[in-house]
Each structure stands twice: as C-alpha cells, then as structure tokens.
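What follows is a single structure, written as structure tokens, with notes after it.
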Amino acid sequence: MNLPRRVKMVEVGPRDGLQNEVSVIPPAVKIDFIDRLSATGLTAIEAASFVAPQAVPQMADGAAVLAGIKRRPGVVYSALVPNRRGLEAAMVAGVEEVALFAAASESFSQHNINCSIDGSFVRFAEVAPLALARGVRLRGYVSCVAGCPYEGAITPEKVAEVTRRLFDLGCYEISLGDTIGVGTPRQIEQLIQLVATQVPLERLAVHFHDTYGQALANILAALQAGIAVVDSSVAGLGGCPYAPGASGNVASEDVLYLLNGLGIDTGVDQDLLIAAGHFICEYLHRPTGSKVARALAGRCVAV
C-alpha cells in the first residue's frame, strides 16, 4: 500500500467531544484533560470554541481554559470561531490557530449556524484577513461531505467547491467531515480524488464519525488516497446536535492503533492517550467509546 510515513493526529476531544455535554464541566477538569492530552505527544489539540455562550454553554469558559493549560512547545492549541467577535475573543486568549466551519449542505448550514453557505463566507471574509494579519493560522472544516441528515446525498462537486473557497480564504488545511458517518471507503476515496483537483492534497485532512462503523475503514481509504492528517476524539467523545442519529467521532485510541499497525509514525504514546480518555470518561461517568481502550484496559498506565 502507498501510505504516508507520518500522520498528524488532530485531537478534537476537548472541543468537539465535550461541546454537547449537558452538565457543565468545570474549567479545571477541562484544563487537566488538555494537559493530559498534551503529554501524549499530540501536536494539535482543538482546545476551545468562541461561539455565543447561549448557543453552546459548555464552551463559554474557553478563555479560562486556555489561560489555565500548560502549553507545551510544539503543540498547537486551536479554537473554533464563527465570526469576527469570536476571533477577537480567541486572539485575546492567545490562540495561535482558529478553525472556520462551513458546510457542503445548505440545509445543514442553516440548522448549524443559522445562515446559508454564502452567508457563512461573508462572515469568514471578515475573519480571515484579520486573523492572517495577526499571524493567526486558519484551519477549515467542511461538514456533511458524505451526506446530510436533511438533504441526503451531497455531490462531491459541492464539497470540492466549498473546500476551494476555504482554501482561497487562506486556510492552510481543510478537514473533510463525514458529520453523520454514512460514508464508505470507495466513496471517500473518490471524494478525496475530486477535491484534490481543486485543493492540494497535502492541504486536506479528514474528520469521520463512526455512526455506521465505517470510520477506520474510511481513514484507511483516505491514507491510501494520500491524506496525512486525521481528526479524532479521545474515547470517541462527541456528536452533532444538528445531525440526528449521528454517533461520536472516531476514537483517537482506535485511530492510533490502526496507524501503529500500519507502521505509520505519529509521535503519540498509546498508553498515555488511553489514560487521558480514561480520565475524562471517569469524570463523565460513562464507559469509553474506544474499543482499543477497552481491550487494553488492564495495561493502561496510571497518570
């Protein structure tokens, strides 16, 4: 197989994994969680979100969380921002990378951020120049790349168009998200091949939910297609409130086990990653969503 020698794992657990938790998690717990993830060797952690507190109450403490973490050299701590106000708050908090989120589905865009796809790019046009002028890197997300809970099938051409628009704004990396987890390997392979005609392959990442149990197979297909950046959430935490029936993100522990088995370097310590997942699951009083963490529970180190 033609596979990358190294893959960057982007850990989205502290933001995407926790944002829909009903009970508010104290900043101290989030800080401890992120610090444990930092110790694993991960180099990219999505730590916070600067959206309206009434929209996502769980993420209202982003500034406090970012102020409290122990920032490790070589680790990028990013935050999601929806507009200029969010960007300004993120920059005050010392964020060096922000993520913009668009959708390949008009219906999902309306449900998720209450505006059309074109409307979202009007907002982004205010955010991007300011961020780049301040030396803040831009990362993009495209939701519903394999299907939409409201519209069903999404054409690959629409995904490619939205991805290109994010790239043209200045996003150095764009993550293709299967928000409802309906994609299959052949579909993902063909999608990546098409999108790569509009945006350089090395600028693309993937973000898969595991609703239909296809996430790891889709990641393998993406790797074979040339992708070298994979988003995941420790313990499989997360899900989307605007995607009925969608389960959580693919578990970081399971992704790492796959990559290790393929001989791909990540720099991430498996035991420490499992321990970080165990910590947050104990706090949430729920079992881990990672099959690997469950299988290797007896070998998990204490931290």
Side-chain angles (χ1 to χ4, degrees), residues 1-12 16 42-44 46 99-105 138-148 152-168 171-233 236 246-268 292:
M1 290 186 290
N2 186 24
L3 297 170
R5 293 183 178 180
R6 185 176 178 88
V7 162
K8 180 177 77 170
M9 292 181 64
V10 179
E11 175 57 51
V12 301
D16 195 12
L42 287 161
T43 59
E46 196 174 65
L100 306 177
F101 48 101
S105 157
L138 295 174
R139 190 175 197 256
Y141 281 110
V142 184
S143 300
C144 298
V145 302
C148 170
I154 298 296
T155 66
E157 289 77 14
K158 187 62 178 180
V159 177
E161 175 197 334
V162 174
T163 306
R164 178 71 197 196
R165 292 176 73 175
L166 285 168
F167 181 72
D168 289 343
C171 291
Y172 81 97
E173 188 171 275
I174 301 99
S175 184
L176 306 177
D178 183 6
T179 310
I180 57 174
V182 295
T184 56
R186 182 60 177 159
Q187 178 187 10
I188 295 302
E189 178 187 19
Q190 293 175 337
L191 174 67
I192 291 169
Q193 290 171 347
L194 178 63
V195 174
T197 66
Q198 300 298 313
V199 174
L201 188 61
E202 63 270 19
R203 300 296 186 183
L204 299 177
V206 291
H207 183 122
F208 296 136
H209 284 220
D210 203 30
T211 313
Y212 287 81
Q214 299 297 295
L216 289 178
N218 289 340
I219 289 171
L220 179 57
L223 296 172
Q224 291 173 321
I227 296 296
V229 182
V230 178
D231 298 358
S232 59
S233 177
S247 62
N249 295 284
V250 64
S252 301
E253 301 94 323
D254 298 357
V255 173
L256 180 59
Y257 188 83
L258 170 68
L259 297 174
N260 285 344
L262 292 170
I264 297 173
D265 182 33
T266 62
V268 179
V292 168

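Scope of the values below: all heavy atoms of this structure, side chains included, with no hydrogens, waters or symmetry mates. Numbers for residues simply follow the sequence, beginning at 1. Keep in mind the model is a prediction, meaning the values are calculated, not measured.
- The heavy-atom pair separating Ala222 from Val206 by the smallest distance is CB-CG1, 3.9 Å.
- The shortest side-chain heavy-atom distance between Pro4 and Leu223 falls under the 4.5 Å cut-off.
- Residues Val12 and Tyr141 meet the side-chain proximity criterion, which asks for heavy atoms closer than 4.5 Å.
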Determine, step by step, whether Gln198 and Thr163 satisfy the side chain to side chain contact (heavy atoms under 4.5 Å, CB included) criterion, reporting the C-alpha distance in whole Å, the side-chain angles of both residues, the deciding distance to 0.1 Å, and the verdict. CA-CA 8 Å; Gln198 300 298 313; Thr163 306; over 6 Å; no

Is there a side chain to side chain contact (heavy atoms under 4.5 Å, CB included) between Asp265 and Arg5? Walk through the geometry before answering.
CA-CA 6 Å; Asp265 182 33; Arg5 293 183 178 180; over 6 Å; no

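- Between Leu194 and Glu157, the closest heavy-atom pair is CD2-N, 3.6 Å.
- Shown here for Val10 and Arg139, the closest heavy-atom pair between the two residues is CG2-NH2, 3.6 Å.
- The nearest pair of heavy atoms linking Gly226 to Leu201 is CA-CD2, 3.7 Å.
- Scanning all heavy atoms of the two residues, the minimum distance from Pro200 to Phe167 falls at CD-CZ, 3.7 Å.
- Distance alone, capped at 3.5 Å, is enough to place a donor-acceptor pair between the Ser252 side chain and the Ser233 backbone.
- The distance from the CD1 atom of Ile180 to the NE2 atom of His209 is 10.5 Å, given to the nearest 0.5 Å.
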Would you please test Val255 and Glu11 for side chain to side chain contact (heavy atoms under 4.5 Å, CB included) and show each step? CA-CA 11 Å; Val255 173; Glu11 175 57 51; over 6 Å; no

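- For the atom pair CZ (Arg165) and CG (Leu100), the distance works out to 13.0 Å, reported to the nearest 0.5 Å.
- Rounded to the nearest 0.5 angstrom, Ile227 CD1 and Leu204 CG are separated by 4.5 Å.
- Taking CD of Glu189 as the start and CG of Asn218 as the end, the distance is 11.0 Å to the nearest 0.5 Å.
- Asp178 places a side-chain N or O within donor-acceptor distance of the main-chain N or O of Gly183, the cut-off being under 3.5 Å.
- The closest donor-acceptor contact from the side chain of Ser143 to the backbone of Ala103 lies at 3.5 Å or more, if one exists at all.
- Annotation: the span from Asp231 atom CG to Glu173 atom CD amounts to 7.5 Å, rounded to 0.5 Å.
- Panel note: side chain Asp254, backbone Val292; a donor-acceptor pair is recorded below 3.5 Å.
- Salt bridge present: Lys158 and Glu161 bring a charged side-chain N and a carboxylate O closer than 4.0 Å.
- Under the 3.5 Å distance criterion, the side-chain polar atoms of Ser232 are left unmatched by any main-chain donor or acceptor of Val250.
- Between Gln214 and Ile188 there is no side-chain heavy-atom pair separated by less than 4.5 Å.
- One finds the CD1 atom of Ile219 at 6.5 Å from the CG atom of Leu258 (value rounded to the nearest 0.5 Å).
- Side chain of Gln187 to backbone of Ala146: a donor-acceptor contact under 3.5 angstrom is found.
- Between Asp210 and Ala215, the shortest heavy-atom contact is OD1-N, 3.0 Å.
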